[in-house]
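First comes the structure, then the notes that go with it.
Order of appearance sets the numbers: ligands from 1, and atoms from 1 within every ligand.
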Amino acid sequence: MTEKCGVVGISLDGRAAARPLYYALYALQHRGQESAGIVTHDGFQQHSHVEMGLVGDAFGLDDLETLNGSAGIGHVRYPTAGSVDTSCAQPFSVSFKSGSLGLSHNGNLVNADEIRDELAGKGHAFTSDGDTEVIAHDLARNLLEEDLIRAVKRTMQRIHGSYALTITHDDTVLGVRDPQGNRPLCIGKLEDGYVLASESAAIDTLDGELVRDVRPGELVVLHDDGQGFDSYQLIETESTAHCFFEHVYFARPDSVIDGSLVYEVRRELGRKLWEESGVETDVVMPVPDSGRAFASGYAEAAGETTADGEPRDEDDEGVEFAEGLMKNRYVGRTFIMPTQDERERAVRLKLNPIRSTVEGKTVTLIDDSIVRGTTSTQLVQLLKDSGAEEVHMRIGAPPIVAPCYMGIDMATREELIAADKSVEEIRDEIAADSLAYLSTDAVADALESDRADLCLGCVTGEYPYDIDGEETDREVSRPEIDQSPVHADD
Ligand code: AMP
């Protein structure tokens, strides 16, 4: 199950955590629109409210008032095509002999089935097919035998895949990031407490201050009195596997992830796109909103040098930047539409050109990525119908050639336009006058990262985790899970 979500955890000095959690979920709404939930603990009892829908629809005032306690976690879940299932909505909450647990998970485990089979064989009853419940059961079992820190470590040694977790164990709030740091998670300081969140924009919303990212393989335990946190580096790895697509598409531009401001990275990617494949046209325009920061960086670089890399003459005005496509804000992301026909209609519902910016002009259209090719095909057609003489597509990421197993709901290999087509074949299919993507090296450069420290699975087809039927780009292996039957005296 691929889950691309937002998580948060808060521990305050006496003040109820429900409202700040609710505001933080609003700030993370772009990470998931299918369901929203909060679990709190008041020192005696766990409270939970999880519902389908957007944050604003899932909670009423009354709901927030029943969520007592100054410690809690929250979750927004992304709609995955097909199964829309309340049993997978989060946070997952459960009470065991070892206490109450609440769990919010962003990411995707590769070996959840193996662990589920093993735990089911030992008598654990599962209520969903999600991997979050597998983590909860594993942790609960370990907590029967060990203290909290050791129990988390043992679970981390058994699960393989991507995870950024916020957890409540009674009224203690924890944050965990997988040993390769695939999905983001950061720590923020509030006036009267601490917060853990997928993105720093959630910390800003609470008027807090970003302290730092949770390190890959680190467990952070917030103090119950909101006065600080403890850090435990439970697993060390030589290299990380940060998801580059967070910076390209998924995260908010105003978030700082793994040390870089997403907006600046996108602008830098845009600048590199001009340097690598700039084309002189009358106007440059972004696909709103995903291409906006890329197009601004691209146009800025285009104002400094020509497409051949020469400095521009003083009287050369360069390329005009125009917001030529207007977006209807009330239409959700096109991916929510399960059928191709609906997706095509959604693009038309969502975007409308401003004729005067395109009529009789040569246009460069900038977007962050091409997945199935639906958006680009429709937009090239739309701009030509509105009188554009030429439409050149420039894409701020490399071709997406393989699916994401690590938590971004992308598409299957069959659906990905670049899985089996060359750039020229794609150009032909989307009917653009020219098409160019950004190189993988430019992505690593813009992120100021070594290629080996990034997850580039969707653009290389080689993954940083051990996934059935796929190649890996490093030495990784799944932990052995003992499936031997249990005996009465076990
Ligand atoms: P497509 O129309 O299938 O080629 O999708 C490309 C468009 O979808 C671009 O405008 C992207 O900004 C956007 N996009 C890229 N990745 C995703 C994703 N995982 N979920 C939703 N939209 C996406």
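Between F250 and Y78, the ring-plane angle classifies as perpendicular under the 30° and 60° cut-offs.
Every atom of ligand 1 is numbered from 1 in the order shown, and the set under 4.0 Å from a heavy atom of Y78 is 20 (N), 21 (C). Those atoms of ligand 1 that come under 4.0 Å of a heavy atom in G373, given as number and element, are 1 (P), 3 (O), 4 (O). Of all the atoms in ligand 1, the ones that sit under 4.0 Å from a non-hydrogen atom of S290 are 10 (O), 12 (O). Which parts of ligand 1 touch I370 is read off a 4.0 Å heavy-atom cut-off, strictly below it: atoms 4 (O). Of all the atoms in ligand 1, the ones that sit under 4.0 Å from a non-hydrogen atom of S369 are 6 (C), 9 (C), 11 (C), 15 (C). Close approach of ligand 1 to I408 (heavy-atom distance below 4.0 Å) involves ligand atoms 19 (N).
To the nearest 0.5 angstrom, R158 atom CZ is 5.5 Å from I115 atom CD1.
Contact analysis puts F245 in contact with ligand 1, with a non-hydrogen atom separation below 4.0 angstrom.
Listed by chain and number, the residues in a side chain to side chain donor-acceptor pair (under 3.5 Å) with R478 are E114, D468 (sequence neighbours excluded).
Heavy atoms of V371 found under 4.0 angstrom from ligand 1 belong to the backbone as well as the side chain. Here T374 has heavy atoms under 4.0 Å from ligand 1 in both its backbone and its side chain.
The ring of Y465 has its center no closer than 6.0 angstrom to the ring center of Y405.
In this model, a donor atom of one side chain and an acceptor atom of the other lie less than 3.5 Å apart for D282 and T362. E390 and T281 are not linked by any side-chain donor-acceptor pair at a separation below 3.5 angstrom, with hydrogens and angles left out of the test.
For the pair D368 and ligand 1, the shortest N or O to N or O distance falls below 3.5 Å.
Geometrically, R116 engages F126 in a cation-pi contact defined by less than 6.0 Å to the ring centre and at most 45° from the axis.
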